[in-house]
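Within every chain, numbering begins at 1; the chains are lettered A, B, ... in the order of the sequence lines, protein sequences first and strands thereafter.
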Amino acid sequence: MFSSTRKPISPAASSTCHPRATTPATRVPRFRAGTDCQPTRRPPKQSPPSCSSARPTTRRARQTRQKPDHQIAIIMPHTDTPQDASPQHDENRIIAERRGKLAEWRQTGSAYPNDFARENTAGQLNELYEPKSREELAALPVEVRVAGRIMLKRVMGKASFITLQDLSGRIQAYISRDQIGEEAYAAFKRWDMGDMVGAVGTLFRTRTGELTVECSQVRLLAKSLRPLPEKFHGLTDQEQKYRMRYVDLITNEQSRLTFAVRSRIVQSIRGYMVDDGFLEVETPMMHPIPGGASAKPFKTHHNALDMELFLRIAPELYLKRLVVGGLEKVFEINRNFRNEGISPRHNPEFTMMEFYEAYSEYRRLMNFTEGLLRHSARQALGSEVFEYQGRTLDFAKPFARLTIIEAIRRDHPEFSVEQLGDAAWLRDKLSAMKVETGATAGLGTLQLLLFEETAEAGLWDPTFIIDYPAEVSPLARRSDSNPEIAERFELFIAGREIANGFSELNDPEDQAARFLEQAKAKDAGDEEAMYYDADYVRALEYGLPPTAGCGIGIDRLVMLLTDSANIRDVILFPQMRPE
RNA sequence: GGGUCGGUAGCUCAGUCGGUAGAGCACUGGACUUUUAAUCCAUUGGUCGUGAGUUCGAGCCUCACCCGACCCA
């Protein structure tokens, strides 16, 4: 996919996943050694999912079949010849045991009950009673009803401990034969790791000091037929984590935490916007004309209308129609879809917030965006300073603001202002760096390309880059002082584009002209150039007040705040090749 | 597209010089009434990603392919 992003000719290059990337020439941030995010996890080990490998008869299958064990009938009920051995055999041997237990459970007539009323969570009990001493707990005593999944089991002859996990955390339960009865204890001993259990009892503290529920009753609430991954390491295979997120969430606390933080980030953003008087709206996900960014769309078809539709690549044009309608401050947090490659920083569907405010302009917008991110870090992490991939990120100090030229010269003082203002010099330099430059690329675009090549990845601290070329910003207002420049910024953090905003182009005639240019580029073969959106121009003709708007890539922000190197780690069900 | 690393038991991982495939967890049976990744005893479980080649002999060497992670484009 990066091949397309290398295309530098102005409206051609990709902007996959850019927050509100209206810049055709803006590329995905590239990372270099030293600035790139190294994977924190160890390289995965691979073992093919047993259920999908079409392995022929195995020796084991034959051996197993020879056993007169009753389980065999369950394992391979239809196996008459060794050749029929199921590829799922390995796992089924373990699952068959559990299915047998489930069958026993069903015979009691009370399998899968739903009448257990949980009244306490592990986290709540730990918080309330962890400070209490053994004697204080004994004096109270606290009657509790907890439920959760068995994550650890320490079964002894007449008394056992299990560790139950619920959303809030873990708590230990103590189960003794004398308290729950011989029959119940025998049944309990047949339960497996992963089973869902309800426990009733009183809190006490064990000899070693652990807060524990001394059970007067335990019930099996749901059977887990499949074995959990190894209890200490959990699931480490990245692919399996993504494919079976449910297993990942069961076994890896870090995953649970990441998605809890993600929720807090989104909440904090929503709160900040609403508190500031923004109206949350939902605009179409299916567009007759894909617009608002330069990207390849997904196509779909509406049968009743018999029309082609596109999954949206950005909500921008609809949100600005709302500002025309008088909804002066609007925002939307939702998915965008771009039919491009998948990488550690790109998922075909990703979440973005876009917001628009009438009677604002891009400098005020930068202040607001800065405040929003600061707020979000504080709300989600409790701190505006945090670690990302081993380095510190500080949202507390003011975000730097550099023009493209300043950003280049900060890393490369050897480039003079005169050289950077010389299109021919820039072309030479870029071609020496093996960056393609289109014949039609203007000075601003050449500067942008050099910036992307030399400076972008090194922008670790939050930095607004301003003065983008108008020719790569077809929806942005031109600068009054220089019509070649748009009133636009992009925010970079950790070498990665996080936000993109500008004073909106509200001149319908200029917009129509820019759409025409885009349409021409599209006709010339640029798949990512924009369509001419006549209804949007019509809306502008009713009058869009001076407005500024911004898009923030939520997934990338979550990556920063959860110290995640891969976008898949912050998306619950990332797009995967079919199994 | 190129490069690097990887694919061995359900899970986490070893595997020496090319000489009959190992451990822990999980599972099964047994012991155990305050454990802590419980412990102890005894089992079960593998055509080593796929296919070819070299060899008396391949998890290991060679080639091709498949899948994955990361990097580069």
Would you say [X] places a side-chain N or O within less than 4.0 Å of OP1 or OP2 belonging to [N]?
X      : N      : answer
A/K241 : B/rG68 : no
A/N566 : B/rA69 : no
A/T236 : B/rU12 : yes
A/R154 : B/rA38 : yes
A/S160 : B/rU34 : no
A/K231 : B/rA26 : yes

Can you tell me the distance, in whole Å, between the [atom1] atom of [X] and the [atom2] atom of [N]?
X      : N      : atom1 : atom2 : result
A/I95  : B/rC27 : CD1   : C1'   : 12 Å
A/E97  : B/rA26 : CD    : P     : 15 Å
A/H233 : B/rC13 : NE2   : P     : 7 Å
A/Q575 : B/rG68 : CD    : C1'   : 17 Å
A/L225 : B/rG10 : CG    : C1'   : 14 Å
A/E230 : B/rA37 : CD    : C1'   : 8 Å
A/R99  : B/rG10 : CZ    : C1'   : 14 Å
A/Y185 : B/rC32 : OH    : P     : 11 Å

- Message: Please determine whether a side-chain nitrogen of the Lys or Arg among A/D166 and A/R118 lies less than 4.0 Å from a carboxylate oxygen of the Asp or Glu.
- Response: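 Yes, charged N to carboxylate O under 4.0 Å.
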
- Message: Looking at A/R345 and A/D555, is there a salt bridge between them, counting it only when a charged N and a carboxylate O are closer than 4.0 Å?
- Response: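 Result for this pair is no, no salt bridge flagged.
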
Distance between [atom1] atoms of [N] and [M] (Å, rounded):
N      : M      : atom1 : value
B/rA21 : B/rG6  : P     : 23 Å
B/rA26 : B/rA37 : P     : 12 Å
B/rC60 : B/rG53 : C1'   : 15 Å
B/rG10 : B/rC48 : P     : 13 Å
B/rA38 : B/rG51 : C1'   : 47 Å
B/rU54 : B/rC13 : P     : 36 Å
B/rG19 : B/rA58 : C1'   : 10 Å
B/rA42 : B/rC56 : P     : 42 Å

- Check: A/S564 main-chain N/O paired with A/Y388 side-chain donor or acceptor under 3.5 Å: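 Yes, because the side chain of A/Y388 sits within donor-acceptor range (under 3.5 Å) of the backbone of A/S564.
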
Can you tell me how the ring of [X] sits relative to the ring of [Y], calling it parallel under 30°, perpendicular over 60° and tilted otherwise?
X      : Y      : result
A/F188 : A/Y185 : tilted
A/F337 : A/F298 : perpendicular
A/F492 : A/F451 : perpendicular
A/W105 : A/Y112 : tilted

- Task: Taking only heavy atoms on the protein side, list every residue of residues 186-198 of chain A lying under 4.0 Å from any atom of RNA chain B, sorted numerically.
- Result: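 Per residue number, the list reads A/R190, A/D192, A/M193.
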
- Item | Residue met sooner reading RNA chain B from 5', once A/T212 and A/L228 are mapped to nucleotides |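 Counting from the 5' end, the first nearest nucleotide belongs to A/L228.
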
- When you match A/R134 and A/T163 each to their closest nucleotide on RNA chain B, which lands nearer the 5' end?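 Comparing both residues, the 5'-ward one is A/R134.
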
- Query: A/M156 side chain: which of B/rA37, B/rA69, B/rU34 is closest?
  - Reply: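 The closest nucleotide is B/rU34.
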
- Which pairs pass side-chain hydrogen bond (donor to acceptor under 3.5 Å, both in side chains) with one or both residues in residues 192-204 of chain A, sequence neighbours excluded?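 Qualifying pairs, neighbours excluded: A/K101-A/D192, A/D192-A/K223, A/D195-A/K223.
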
- Message: Taking any heavy-atom pair under 4.0 Å as a contact, classify A/R568: base, sugar-phosphate, or nothing.
- Response: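 Here A/R568 touches the backbone only, sparing every base.
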
- Presence of donor-acceptor pair under 3.5 Å, side chain of A/E210 and base of B/rU35: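 Flag unset: no donor-acceptor pair detected.
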
- Query: Less than 4.5 Å apart, any side-chain heavy atom of A/L426 and any of A/L420?
  - Reply: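 Side-chain contact under 4.5 Å: yes.
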
- Watson-Crick or G-U stems of RNA chain B, 3 or more pairs, under 3.5 Å, by first number: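 Expected stems, ordered by start: B:1-7 with B:66-72, B:10-13 with B:22-25, B:28-31 with B:39-42, B:49-53 with B:61-65.
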
- Message: On the six-membered ring of A/F116, is A/R145 placed so that its NZ or CZ lies under 6.0 angstrom from the centre and within 45° of the ring axis?
- Response: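 Yes - A/R145 lies over the ring of A/F116, closer than 6.0 Å to its centre and within 45° of its axis.
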
- Under 3.5 Å side-chain donor-acceptor pair for A/E387 and A/T392: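 Checked: A/E387/A/T392 side chains pair up, N/O donor to acceptor below 3.5 Å.
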
